[in-house]
Amino acid sequence: MSTRETWTTRAGFIFAAVGSAVGLGNIWSFPFQTASNGGAAFLVVYLLAVFLIGFPTMLAEFVIGRRSEQNAISAFERLGFSNWTFTGALGVFAAFVTLAFYSVVGGWVLRYIVGSLTGAYFGDTAGYFAAISAGPGAIVTHAAFMAITIGIVAFGVADGIERATKFMIPAIIVLLIGLAGWGATLSGAGAGYSYYLSPDVDVILSNFGSIVPSAMGQAFFTLSLGFGVMIAYASYLGSDDSLPGDSAIIVVLNTVVALLAGFAVFPVLFSTLEDPTTTSGGMGTAFTALAGAFGQLPAGQVLGFVFFVVLLFAALSSSISLLEAPTSYVVDTYDYDRWKIAVGVGVVTFVVGVPSTFGITWLAFYNDLVFNVLLPVAVFLIAVFVGWVADAEAFDELGRGSVVGDVPGTAPLTTIWLWWVRVVVPIVVLYTLYLGVTSLYTGLTTGGYF
Ligand code: PHE
């Protein structure tokens, strides 16, 4: 078998991991979830979820990946715990299901880029969305988005993923700053910022049961946790990188992008909608609400174009990581050409995604299955594995090339981390899982999906 690939530079790894993290989750769902869940109230819980639960979990995945130098499935075997392989398999399965519907949404984005240029969606935003989000047209754009994703992954870790994300991430940040700056000039900016940034404790307390699982699911999803993606990405790392240092950068950059997206979207919503606080986090709302807003604003065509290009880059830099998770498993296990594997896996995923072009309820069902069930289960298992099963290994690995392990006096941080992963993360995640399963069950039995 040929030698295993690695990232060419530390920055290359960071760009790729930030690329995986920054996605539709940050720019499409974060602002709309925040809008529909009480604004700043949601934001506070989300930030806590990201930093207190997401960050330590990302470290746990990095430990598994770099220690084993294997994809998420083989990693457990390589570490000597073959009966834990199912944990990686579950994550890779979640990645596969996610990519299937992610690519459908990616296809909508492609369509909206064209629609911005021609102004096609300005007249009847709801009608346009309905027309392009389902049916044969949606299958074509889904195929186009998947083809681009396959193309990048086929080039490999360094030449494909690293190169593409090094270009896309800076572009996303610069363009979003531009959009947020433009948002500041709109009439609704003040009202938007205040809803976005001044938390109301009563809102948090009275909606605890719904805010917590949404914020937690959003935190895992946005950080690409539980999917085996971060395990696979860390497996291409050299031993001199600092895992805590790298994850801190990744988590912070990912949060900055989500916050920036909020700064771009809230002024737009508050300048153009009657009551933006009732904007549901539903699948199509982001598209219809924003498309409608762009239509009412000066230079809406240009702004719409820029916004959807940002969304496309974000979606692609994530979809390639979703495809890489299963691809790396096949590459590590069998001696086929990477490009053949990428095409094979991509085509199967495309087929699985086709039902979600028939109707938005399928898409919502896939989405909730991943958010409410697969993600929390996978994260729970990873925390238990790193904390209780592989703990000596984890301890060692965290210190390698690490600012934490090498600087005298910082070793207690490693201990705190280990106990956090052992106790706090599993308990919080189990609670989230309970709330998430309940809501999925209610949705299924009350005909919320089909
Ligand atoms: N983090 C990506 C987003 O926010 C989604 C994603 C999840 C990508 C898991 C890869 C793995 O859109």
Side-chain angles (χ1 to χ4, degrees), residues 15-34 46 49-50 54-55 57-58 61-62 65 71-72 88 90-106 108-109 145-146 149 152-153 161 164-165 168-169 172 176 214-234 247 250-251 253-262 281 283 286 310-329 345 349 353 363 366-379 382:
F15 275 123
V18 171
S20 171
V22 167
L24 295 170
N26 302 57
I27 298 168
W28 176 49
S29 64
F30 167 76
F32 289 89
Q33 288 225 31
T34 309
Y46 166 77
V50 163
F55 174 62
T57 306
M58 180 177 285
E61 291 206 13
F62 281 178
N71 63 82
L90 182 75
V92 172
F93 176 70
F96 176 75
V97 176
T98 303
L99 180 57
F101 74 78
Y102 209 84
S103 167
V104 172
V105 181
W108 302 348
V109 178
F145 183 87
M146 189 66 88
T149 304
I152 300 175
V153 171
I161 300 176
T165 49
M168 289 192 280
I169 294 306
I172 291 171
L176 268 184
S214 321
M216 198 67 72
Q218 175 67 20
F220 292 143
F221 188 78
T222 190
L223 293 173
S224 305
L225 297 173
F227 290 73
V229 165
M230 290 304 181
I231 296 180
Y233 271 19
S247 6
I250 295 161
V251 171
L253 277 178
N254 180 63
T255 308
V256 166
V257 171
L259 292 176
L260 272 176
M283 293 282 161
V310 169
L311 203 52
L312 177 69
F313 285 166
L316 274 175
S317 65
S318 296
S319 64
I320 54 183
S321 73
L322 288 165
L323 183 59
E324 178 62 20
T327 301
S328 65
Y329 168 67
V345 177
T349 321
L363 209 130
Y366 276 174
N367 182 75
D368 292 353
L369 181 69
V370 170
F371 266 68
N372 297 9
V373 186
L374 296 179
L375 272 189
V377 171
V379 169
I382 283 166

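Atoms within each ligand, like the ligands themselves, are counted from 1 in listed order.
Close contacts between ligand 1 and Ser318 involve ligand atoms 2 (C), 8 (C) [criterion: under 4.0 Å to a heavy atom]. If you number the atoms of ligand 1 from 1 as listed, the ones under 4.0 Å from a heavy atom of Ser224 come out as 1 (N), 6 (C), 7 (C), 8 (C), 9 (C), 10 (C), 11 (C). Ligand 1 places these atoms under 4.0 Å from at least one heavy atom of Leu322: 8 (C), 9 (C), 10 (C), 11 (C). Remark: ligand 1 atoms within the under-4.0 Å shell around heavy atoms of Gly23 are 3 (C), 4 (O), 12 (O). Here is the list of ligand 1 atoms found below 4.0 Å of a heavy atom in Val229: 11 (C). Taking a cut-off of under 4.0 Å to the non-hydrogen atoms of Asn26, the atoms of ligand 1 that pass are 4 (O).
Residues Val256 and Leu260 form a side-chain contact, since some pair of their non-hydrogen atoms from C-beta on lies under 4.5 Å apart. Counting heavy atoms from C-beta on, the side chains of Thr34 and Tyr46 never come closer than 4.5 Å. No side-chain heavy atom of Glu61 sits under 4.5 Å from any side-chain heavy atom of Tyr233.
For Phe93, the CZ atom counts as loosely surrounded, since its 6.0 Å shell holds 12 or fewer non-hydrogen atoms of other residues, nucleotides or ligands.
An N or O contact shorter than 3.5 Å links Ala21 to ligand 1 by distance. At least one N or O atom of Leu24, backbone or side chain, sits closer than 3.5 Å to an N or O atom of ligand 1. Residue contacts with ligand 1: Thr222 is placed with a nitrogen or oxygen under 3.5 Å of a nitrogen or oxygen of the ligand (distance criterion only). The distance criterion of under 3.5 Å between nitrogen or oxygen atoms is not met by Leu225 with respect to ligand 1.
With Ser224 contributing its side chain and Ser20 its backbone, the two residues share a donor-acceptor pair below 3.5 Å.
Separating the OG1 atom in Thr255 from the CD1 atom in Ile250 is a distance of 11.5 Å, to the nearest 0.5 Å.
For atom 12 (O) of ligand 1, the closest non-hydrogen atom on the protein side is Tyr102 OH, 2.6 Å. Of the protein's heavy atoms, Phe221 O, 3.5 Å lies nearest to atom 7 (C) of ligand 1.
Relative to atom 2 (C) of ligand 1, the option among Ala17, Gly25, Ala95, Ser20 with the closest non-hydrogen atom is Ser20.
Taking the six-membered ring where tryptophan is involved, the planes of Trp28 and Trp108 are perpendicular, since the angle between them exceeds 60° and thus also 30°.
Looking at Leu225, Val370, Leu90, Leu369 one by one, the single match for side chain to side chain contact (heavy atoms under 4.5 Å, CB included) with Leu375 turns out to be Val370. Exactly one residue among Ser319, Ser321, Ser103 makes a side-chain hydrogen bond (donor to acceptor under 3.5 Å, both in side chains) with Thr149. That residue is Ser319.
Not a single heavy atom of Trp28 sits closer than 4.0 Å to an atom of ligand 1.
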